Amino acid sequence: MNTPRGYNPIGESAPGAPRHDAALPGHVPGQYQPIGGADQPTPANGGFNPAYSGPGLPAWFGNGVGRVFFFFWVYLTAPIECALYPIAGIAGLVGAAIFYIIARLLGGGYDTTHGWAWTGCFLGVVAFMKFETNFEERNPAYKALRGWLRLVLAFLGMFYFSVRSQGDPVGTAFVVALVFVAILYFVLRSKWLRFVWHTLQQTAWMRASVASPLGS
């Protein structure tokens, strides 16, 4: 068979116009599958998504965990909350005094009376925290004043704790209280920590709204 000079059978195109949308040789087209391969959350599976991309936990579960954490944290830090929220703190001091007197009348010892006082302080703070958060939203001047008042009360509280409970000398207690207030100052200025705390307060019915972390 006579073949023209320069003829290349490998590079010869197949009959018909070339198709640029055709699948590559050896490639089988399929459908997109999300990583993890799990179903999306539906009423049939209880609102949960077992995919790796994230658990579709129901809203009531997240809110419940947030409330438990909030009230547990406020209980552990009840005296500190008195300094951070002065209006609610006054109610906390009154509650602590009432519960302390009741425990003494019932014949409680040192641990019992102070445990009851701690609980009374917690109940007083929680009872008036919503009132204070609403008051601060209506009175920006109080919100600004409270920022400095928090530092003063925290300094006095830590100074008293160092001298009374730890038995530190006055100079040492002064330095400890000063360092504590300096750390507290930067913590309170953190916008993201403030946003998280305000969100927990809203979840626990202690705050009406939550401001953006990019705000003031």
Side-chain angles (χ1 to χ4, degrees), residues 62-97 99-100 114-115 117-216:
N63 292 338
V65 172
R67 289 166 190 152
V68 170
F69 176 81
F70 173 81
F71 288 114
F72 180 71
W73 177 259
V74 173
Y75 181 81
L76 290 179
T77 61
I80 298 178
E81 302 301 330
C82 287
L84 298 180
Y85 296 92
I87 296 177
I90 294 175
L93 293 178
V94 173
F99 274 58
Y100 178 85
H114 284 74
W118 192 287
T119 302
C121 179
F122 162 75
L123 294 177
V125 169
V126 169
F128 277 81
M129 184 176 288
K130 178 65 177 295
F131 173 81
E132 178 158 352
T133 56
N134 289 337
F135 184 79
E136 76 180 45
E137 295 297 333
R138 298 191 303 266
N139 300 273
Y142 168 74
K143 188 174 182 179
L145 175 63
R146 188 184 62 184
W148 294 104
L149 188 59
R150 283 174 167 177
L151 300 180
V152 173
L153 294 177
F155 177 86
L156 295 177
M158 181 55 67
F159 182 83
Y160 175 82
F161 175 79
S162 298
V163 174
R164 178 72 175 179
S165 299
Q166 302 298 320
D168 296 333
V170 174
T172 302
F174 181 86
V175 174
V176 170
L178 194 64
V179 172
F180 175 77
V181 169
I183 296 174
L184 180 63
Y185 172 78
F186 289 104
V187 170
L188 294 177
R189 286 183 60 86
S190 174
K191 293 184 178 181
W192 285 106
L193 289 178
R194 189 187 317 158
F195 175 74
V196 172
W197 178 246
H198 287 183
T199 302
L200 288 173
Q201 284 183 319
Q202 185 183 35
T203 302
W205 311 289
M206 295 292 112
R207 183 173 292 273
S209 61
V210 176
S212 169
L214 300 179
S216 59

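Owing to the predicted nature of the structure, the values given are computational and were not obtained by experimental measurement. Computed over heavy atoms, backbone and side chain alike; hydrogens, waters and symmetry mates excluded.
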Can you tell if the side chain of [X] reaches within under 4.5 Å of the side chain of [Y], non-hydrogen atoms only?
X    : Y    : value
V74  : F71  : no
W73  : L200 : no
S190 : F195 : no

Partners meeting side-chain contact (heavy atoms from CB on, under 4.5 Å) with L76 (sequence neighbours left out): F72
Partner residues of I183 under the side-chain contact (heavy atoms from CB on, under 4.5 Å) criterion, sequence neighbours left out: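 I183 satisfies side-chain contact (heavy atoms from CB on, under 4.5 Å) with V179, V187 once adjacent residues are dropped.
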Tell me which pairs pass salt bridge (charged side-chain N to carboxylate O under 4.0 Å, His left out) where either residue lies in residues 122-139, with sequence neighbours left out. E132-R146, E136-R146, E136-R207, E137-R207
Pair listing, salt bridge (charged side-chain N to carboxylate O under 4.0 Å, His left out) test, anchored in residues 162-190, at least two apart: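 Found none.
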What are the two closest heavy atoms between [X] and [Y], and how far apart are they?
X    : Y    : answer
R67  : T203 : NE-O, 2.8 Å
P86  : L153 : CG-CD1, 4.3 Å
C82  : C121 : SG-SG, 3.3 Å
A154 : V181 : C-CG2, 4.1 Å

Nearest-0.5 Å distance, [atom1] of residue [X] to [atom2] of residue [Y]:
X    : Y    : atom1 : atom2 : answer
W205 : N63  : CH2   : CG    : 8.5 Å
T77  : L84  : OG1   : CG    : 7.5 Å
I87  : N134 : CD1   : CG    : 10.5 Å
Q166 : M158 : CD    : CE    : 9.0 Å

Who are the salt bridge (charged side-chain N to carboxylate O under 4.0 Å, His left out) partners of R150, not counting sequence neighbours? none
Who are the salt bridge (charged side-chain N to carboxylate O under 4.0 Å, His left out) partners of E81, not counting sequence neighbours?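 None.
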In short, ring-ring contact (aromatic ring centres under 6.0 Å, His included) pairs touching residues 155-178 with sequence neighbours left out are F155-F174
Can you tell me which residue pairs pass the ring-ring contact (aromatic ring centres under 6.0 Å, His included) test with a partner in residues 120-146, sequence neighbours excluded?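 Counting only pairs at least two positions apart or across chains, the ring-ring contact (aromatic ring centres under 6.0 Å, His included) contacts touching residues 120-146 are Y75-F122, F135-Y142.
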Residues two or more places apart in sequence or in another chain: which of them pass ring pair (Phe, Tyr, Trp, His ring centres under 6.0 Å) with F180?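 By the ring pair (Phe, Tyr, Trp, His ring centres under 6.0 Å) rule, F180 matches no residue at all.
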Sequence neighbours excluded, the answer for side-chain hydrogen bond (donor to acceptor under 3.5 Å, both in side chains) partners of W197 is Y85
